[in-house]
Amino acid sequence: MSDQERVAAGVYRVPIETVVPLEEARAAHERLERRDNRGKIVLAVAPDSGK
């Protein structure tokens, strides 16, 4: 089984601690630098409403 198949099958699990808006990327990065997290911090990008 390839890594891609393992990911699709849910064999690998990535702990997501929080999702923050892109506007808070700086604060999220500072949290990572302080190692003040237990999982991944995901940046949420709003869809482009101008199209």
Side-chain angles (χ1 to χ4, degrees):
M1 181 180 276
S2 71
D3 284 341
Q4 186 176 15
E5 291 169 329
R6 286 185 175 108
V7 169
V11 173
Y12 297 137
R13 299 208 118 154
V14 178
I16 296 175
E17 180 175 321
T18 189
V19 178
V20 298
L22 185 59
E23 293 79 18
E24 296 178 26
R26 177 185 217 121
H29 192 272
E30 290 169 353
R31 257 179 92 180
L32 290 170
E33 286 181 332
R34 287 192 312 267
R35 298 187 181 270
D36 190 25
N37 61 302
R38 301 196 82 187
K40 301 296 181 189
I41 297 175
V42 177
L43 297 177
V45 180
D48 185 9
S49 61
K51 291 186 176 179

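The first residue of the sequence shown is numbered 1, and numbering continues consecutively from there.
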Query raised in the report: Do L22 and L32 share a hydrophobic cluster, counting only Ile, Leu, Val, Met, Phe, Trp and Tyr and linking them when any side-chain heavy atoms are less than 4.5 Å apart?
Result: yes
Of all the heavy-atom pairs spanning [X] and [Y], show the shortest one and how long it is.
X	Y	value
L43	P21	CD2-O, 4.4 Å
P15	R38	CG-O, 4.5 Å
A44	V19	CB-CG1, 3.7 Å
D36	E17	O-OE2, 4.2 Å

Query - Close side-chain approach of V20 to V42, heavy-atom, < 4.5 Å - result: no
Requested in this report: Could you tell me whether the side chain of R6 and the main chain of Y12 form a donor-acceptor pair under 3.5 Å?
Outcome: no
Query - Neighbour count >12 (heavy atoms, 6.0 Å) for atom CZ, R35 - result: no
Query raised in the report: So does E33 have more than 12 non-hydrogen atoms from other groups sitting under 6.0 Å from CD?
Result: yes
